[in-house]
Amino acid sequence: MGYRVLVSTRERFGAVRWRGRSLGRCGDDTGPRPEYLAALRGLRAPSAKSSAAAITDITARIEAHLAAHDGYVAFSGGKDSLVVLDLARRVEPDVPVVFFDSGLDYPETYDYLTELADRWKLDLHRIPADPPLLDVLAASGLWDHAAPTDAAAERVDLQQVLITEPARRAHALLGPGELWGMRADESTARRHLYTRGGRRDGTITRADGTIAYGPIWNWTTADVWTHIARHRLPANPVYDRLTQLGVPDSQHRLSHLLDGNHLDRGRLTWLRRGWPALFEELAHVLPRLRQLT
């Protein structure tokens, strides 16, 4: 459809190099710096699940997974997939890395991905959603002023557009294996996914023959941040920005900007406060956004 906000993100991702912010920086110098927060987190001792001995076991399993299934690391730019990427690179520095691009991620995330790819020499593959997320939301009719007042509570089924089809293309290109950062403590559904049938090894075998391994499936959020701090991994600057805006840690989500979910958690309000120009671009296409903030 040629929406301006969508075109701008695609053009930036298509460039050989982006002129973006430095890793660990954000556009505002107020509030605690990421380095300070990381230092505090790094004071925590790793739990048994993320200890040196546990890391040795995890990397051995990653090596076996890649040897048996090939595949890729699914990298969203978030903290969990950053840790998985770090662990996978210890085994295979050239492991393929896939970013599933909805077209509606934070602007800083696109800059972060390219700069990290440059720094770590990543074999980074971008798999765009087709059609892009903004097109799907606009076509749904739930975001215009003619929509019923309870339309925000409805769920647009985006599984096929954002997950199933992009993953199919990634597996066709790179193999049936997948390493991802999904953790069991993020939701009841994810916990059941990892533990159904009595399994507790972080492996999920799908009907289509693909197999995913979550190396940090049983880690806590504290485990993740402690690992990032202790190993000085460069976290996405969006986390720092959300902290400055007063967003609770439990609501720090770096997936696409909006999808019909989590509207009850103030996500649109944070978007409007932290990225006002971007919010207005989106509201031009999805007018009902303004009345939901």
Minimum heavy-atom distance [X]-[Y], with the two atoms named:
| X | Y | value |
| --- | --- | --- |
| Pro234 | Tyr112 | O-OH, 2.7 Å |
| Ala212 | Arg206 | CB-NH2, 3.5 Å |
| Ser81 | Ala74 | CB-O, 3.5 Å |
| Val285 | Ala138 | CG1-CB, 4.0 Å |
| Pro107 | Leu278 | CD-CD2, 3.7 Å |
| Asp80 | Gly181 | CB-O, 3.3 Å |

With heavy-atom distances below 4.5 Å as the criterion, would you say the side chains of [X] and [Y] are in contact?
| X | Y | value |
| --- | --- | --- |
| Asp105 | Leu113 | no |
| Leu173 | Val98 | no |
| Ile216 | Val84 | yes |
| Leu289 | Leu271 | no |
| Leu242 | Leu254 | yes |

### Message
How about NE2 on His231, more than 12 heavy atoms from neighbouring residues, nucleotides or ligands closer than 6.0 Å, or not?
### Response
yes

### Query
Is it true that atom CZ of Arg290 has more than 12 heavy atoms of other residues, nucleotides or ligands lying nearer than 6.0 Å?
yes

Any donor and acceptor pair, going by atom type alone, linking the side chain of [X] with main-chain N or O of [Y] inside 3.5 Å?
| X | Y | answer |
| --- | --- | --- |
| Ser50 | Pro46 | no |
| Asp101 | Arg126 | no |
| Arg267 | Gln251 | no |
| Lys49 | Asp223 | no |

### Query
Hey, what's the ring geometry for Trp275 with Tyr106, parallel, tilted or perpendicular (30° and 60° as the breaks)?
tilted

### Task
Measure up the Tyr72 and Phe100 rings against each other and bin them: parallel (under 30°), tilted (30 to 60°), perpendicular (over 60°).
perpendicular

If Ile, Leu, Val, Met, Phe, Trp and Tyr residues are connected whenever their side-chain heavy atoms lie under 4.5 Å apart, and connections chain through other members, are [X] and [Y] in the same group?
| X | Y | value |
| --- | --- | --- |
| Val91 | Phe75 | yes |
| Leu122 | Leu174 | no |
| Ile55 | Tyr213 | yes |
| Ile127 | Val95 | no |
| Val224 | Leu179 | yes |

Any chance you could measure [X], atom [atom1], to [Y], atom [atom2], to the nearest 0.5 Å?
| X | Y | atom1 | atom2 | value |
| --- | --- | --- | --- | --- |
| Leu162 | Leu104 | CG | CG | 9.0 Å |
| Ser140 | Leu286 | OG | CG | 7.5 Å |
| Leu245 | Asp240 | CG | CG | 9.5 Å |
| Leu124 | Phe99 | CG | CZ | 8.5 Å |
| Leu137 | Leu257 | CG | CG | 10.5 Å |
| Lys79 | Tyr239 | NZ | OH | 4.5 Å |

### Task
Could you identify which residues cluster with Leu193, counting Ile, Leu, Val, Met, Phe, Trp and Tyr as linked when any side-chain heavy atoms lie under 4.5 Å apart, either directly or through a chain of such contacts?
Trp180, Met182, Tyr194, Ile204, Trp217

### Task
Tell me, please, which residues at least two apart from Asp86 pass side chain to side chain donor-acceptor pair (under 3.5 Å).
Arg90, His227

### Message
Please enumerate all residues that pass side chain to side chain donor-acceptor pair (under 3.5 Å) together with Asp70, with sequence neighbours excluded.
### Response
none

### Query
When you look at Val83 and Ile228, which way does the side-chain contact (heavy atoms from CB on, under 4.5 Å) test go after all the steps?
CA-CA 7 Å; Val83 170; Ile228 289 172; 3.7 Å; yes

### Message
Could you work out, with salt bridge (charged side-chain N to carboxylate O under 4.0 Å, His left out) as the rule, every residue matching Asp185, not counting sequence neighbours?
### Response
Arg183

### Partners meeting salt bridge (charged side-chain N to carboxylate O under 4.0 Å, His left out) with Glu92 (sequence neighbours left out)
none

### Task
Could you name each residue pair satisfying side-chain hydrogen bond (donor to acceptor under 3.5 Å, both in side chains) that touches residues 56-69, not counting sequence neighbours?
Arg61-Thr203

